[in-house]
J.: 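After the structure tokens below, expect a handful of questions from me.
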Amino acid sequence: MTVPRDTSKTDLGTCAICGRAMIAGPSVDRHHWRPKSQGGRDTEWLHRVCHRMIHRLFDEATLARDYDSPTKLLAHPDIIKFVNWVRKKPDDYVDWPESAGRYGRNRGKRR
């Protein structure tokens with residue numbers, strides 16, 4: 001006799017960006033479709049690598065104004081290119097952080 005396993009805490013469905021299955025743990029993050037700084041409250045699970053790519057490409061004001069849903073994000077050419085790449089990775093793939101300063105606030109600053 002097979003005992004059904006409780007998947008409510010481990011199976012989070014599919015990622016709204018890449019469509020791969022999500023498994024609870026270090027490979028997933030919560031994403032605010034409208035950033036908290038812009039008044040957003042609703043969140044959804046995404047793969048960490050997908051979540052990080054969204055924030056690498058867009059600042060919070062742009063996300064709130066133009067890309068506050070998966071449908072809108074998936075129409076952007078850089079996201080399309082990223083999704084084609086990440087779909088080849090395993091479901092629990094974790095994109096390890098780059099060295100500080102490569103993207104964002106610290107760009108161009110010397111150590």
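Note: hydrogens, waters and symmetry copies are ignored here, and every other heavy atom, side chains too, is used. If you're wondering where the values come from, they're calculated on a predicted model, not measured in any experiment.
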J.: State yes or no: do Phe58 and Ile80 share one hydrophobic cluster built from I, L, V, M, F, W and Y residues joined by side-chain heavy-atom distances below 4.5 Å, directly or via other members?
T.: no

J.: Before giving the answer on side-chain contact (heavy atoms from CB on, under 4.5 Å), spell out for Phe82 and Cys50 the whole-Å C-alpha distance, their side-chain angles and the decisive distance to 0.1 Å.
T.: CA-CA 8 Å; Phe82 166 76; Cys50 298; 3.8 Å; yes

J.: Looking at every heavy atom in both Val28 and Met22, which two are closest together, and how far apart are they?
T.: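 That would be CG1-CB, 3.8 Å.
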
J.: For a quick test of reading the model, state the closest non-hydrogen atom pair linking Thr43 to His32 and the distance between them.
T.: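 Nearest heavy atoms, Thr43 then His32: CG2-NE2, 3.2 Å.
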
J.: Do you reckon Trp85 sits in the same ILVMFWY cluster as Met53, going by side-chain contacts under 4.5 Å, direct or chained?
T.: yes

J.: Kindly check if the number of other-residue, nucleotide or ligand heavy atoms within 6.0 Å of CG (Asp42) is above 12?
T.: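 Not more than 12 within 6.0 Å, no.
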
J.: Please determine whether the number of non-hydrogen atoms from other residues, nucleotides or ligands lying under 6.0 Å from atom NZ of Lys81 exceeds 12.
T.: no

J.: Do the non-hydrogen side-chain atoms of Leu63 and His55 ever get within less than 4.5 Å of each other?
T.: yes

J.: side-chain contact (heavy atoms from CB on, under 4.5 Å) for Leu73 and Trp33? Distances and angles first, verdict last.
T.: CA-CA 10 Å; Leu73 277 167; Trp33 290 114; 3.5 Å; yes

J.: Under 4.5 Å between any side-chain heavy atoms of Ile54 and His31, yes or no?
T.: yes

J.: Rounded to the nearest 0.5 Å, what's the gap from CG on Asp59 to OH on Tyr67? Could you check?
T.: 11.0 Å

J.: To the nearest 0.5 Å, what is the distance between CG (Leu46) and CG (Asp29)?
T.: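 The CG atom of Asp29 is 8.0 Å from CG of Leu46, to the nearest 0.5 Å.
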
J.: Specify the closest pair of heavy atoms between Arg87 and Arg20, including all atoms of both residues, with the distance to one decimal.
T.: CA-CD, 3.9 Å

J.: Atom CD1 of Ile79 and atom CD1 of Ile17: how far apart are they, to the nearest 0.5 Å?
T.: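 Result: 6.0 Å between the selected atoms.
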
